[in-house]
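Below is one structure, written out as structure tokens; the observations come after it.
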2 protein chains.
Amino acid sequence: MNREWVVGTVETKDRILDAAERLFAEQGFDATSLRAITGEASVNVAAVNYHFGSKDALIEAVLARRLEPMNSERLRLLDECERGRDDDPPSIEEILRCFFEPALRMHSDPDSGSARFIQIFGRTFTEPGDRLRELFVSQFRVVARRFKAALGRSVPDLSKQELSWRMHFMIGAMAHTMSNAEGLRLLDEGRPSRKDVDEEVALLVRFAAAGLRAPATAGIAGRV
Amino acid sequence: MNREWVVGTVETKDRILDAAERLFAEQGFDATSLRAITGEASVNVAAVNYHFGSKDALIEAVLARRLEPMNSERLRLLDECERGRDDDPPSIEEILRCFFEPALRMHSDPDSGSARFIQIFGRTFTEPGDRLRELFVSQFRVVARRFKAALGRSVPDLSKQELSWRMHFMIGAMAHTMSNAEGLRLLDEGRPSRKDVDEEVALLVRFAAAGLRAPATAGIAGRV
DNA sequence: GTCTATACCACGATAGAC
DNA sequence: GTCTATCGTGGTATAGAC
């Protein structure tokens, strides 16, 4: 029954990850020192470098732990949406909901540290520091390909290139919403206006779907 | 004719600003040390703290130097657009062009360091570290108010609150485009697709205008 | 293999001499 | 205004305990 031989090692990595995620979300990456993390996790400073190699690698590990389930959920929802509807493809709105919802949902997820974590996710999506970019690209590539194919079927008049641009814009709208929720106050003249996740998704879907459906831009459409 | 008594001090501040902007754009804020900046500018390390007070204050100064002309240009273009057209207000597309163009234009501006600077601007818009947020808010408030009023006239059916959300989304699309230009490659499967500024503005305007024109979201419109 | 103690160097900031 | 000296803190590398 005594499992200390394995608890000792497994728990150390996870305790570091948990403490790091919490502190990163609260203070940001650079403001959080390894000594603060290891102090919080009750391990030695050097444990981070032993288990992860560097602070950057620890950041990657923290992000990857949340990224993978989120992207899996996106693919699962899209699969569920498309199943057995070859001649009746899902609407743009349905597709976008599959894309936005898993990301925005993490906001209000009470379990674990994902609530606040969504902030640092949004930041990192927009400011990938060299090595972090690789992580996002590798984790996101398959998701991007699937959703681009699904959307392309729903917006057949758009060139592949302009579709890429519009997905780029819509991802920016999403990332900005996730990372900069308070920014709305700036536009709203001080009145708080944050809604629950479902309303947030609905607003974002409405905006992005209309943007995707816009007629092709003159001079771009022909350049496929 | 000897101006060394003034050249000595004025040039120091500017040399620091120029060197800092260049290095910040290349490596990011945290990866750039004050020693690197002052070495590049051929001044003493302590000169930064003397002239600016802290590294954070230097970052603010670098950003403010570019932010102010950009926002002024936005307001100038909008004024020019609205002049003497009280009964024929500018279209959404015209308004958005006034908003996006000055920002995206900095990309290709050959003069000074604004070319690469746009990257750190995009980053900072999305990840404002406490003190930086204040700078953006104060610099951006008047711009946001003017453009919100102009857009509100063109989309009268939208509640003020949903208009705020949609401006939030459109700003996210812009910021993401500025800071994460390479991200398109991810969506485009490796094919480079960057266009010149005018085409970029056209694409962004097309997307955002359609998003702004979308019918109000059910359940939100009534909550003004 | 895991983990700790500790030393190392670069960083941002400050005080005080000039 | 500018410089040197110095402080506290940061990330990291290593040696060795278990």
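In what follows, chains carry the letters A, B, and so on, assigned in the order in which the sequence lines appear, proteins first and then strands, with residues in each chain numbered from 1.
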Gap between atom CG of A:Leu63 and atom CD of A:Gln139 - 0.5 Å precision: 9.0 Å
Phosphate-side-chain proximity, A:His51 and C:dG1, N/O vs OP1/OP2 below 4.0 Å: no
For A:Ser72, side chain to side chain contact (heavy atoms under 4.5 Å, CB included) partners two or more places apart: A:Glu68
Residues in side chain to side chain donor-acceptor pair (under 3.5 Å) contact with B:Glu94, at least two apart in sequence or another chain: B:Arg85, B:Ser91
Contact state string [nucleotides 3-18 of chain D, B base, S sugar-phosphate only, - no protein heavy atom under 4.0 Å]: BB-----BBBBB----
Heavy-atom donor-acceptor pair, A:Arg166 side chain to A:Gly211 backbone, under 3.5 Å: yes
Could you tell me how far apart [X] ([atom1]) and [N] ([atom2]) are, to the nearest whole angstrom?
| X | N | atom1 | atom2 | answer |
| --- | --- | --- | --- | --- |
| A:Arg15 | C:dT2 | CZ | P | 15 Å |
| B:Phe52 | D:dG1 | CZ | C1' | 14 Å |
| B:Ile37 | C:dA10 | CD1 | P | 17 Å |

Between B:His176 and A:His168, ring centroids under 6.0 Å: yes
B:Lys13 NZ/CZ over B:Phe52 ring centroid, <6.0 Å and within 45° of normal: yes
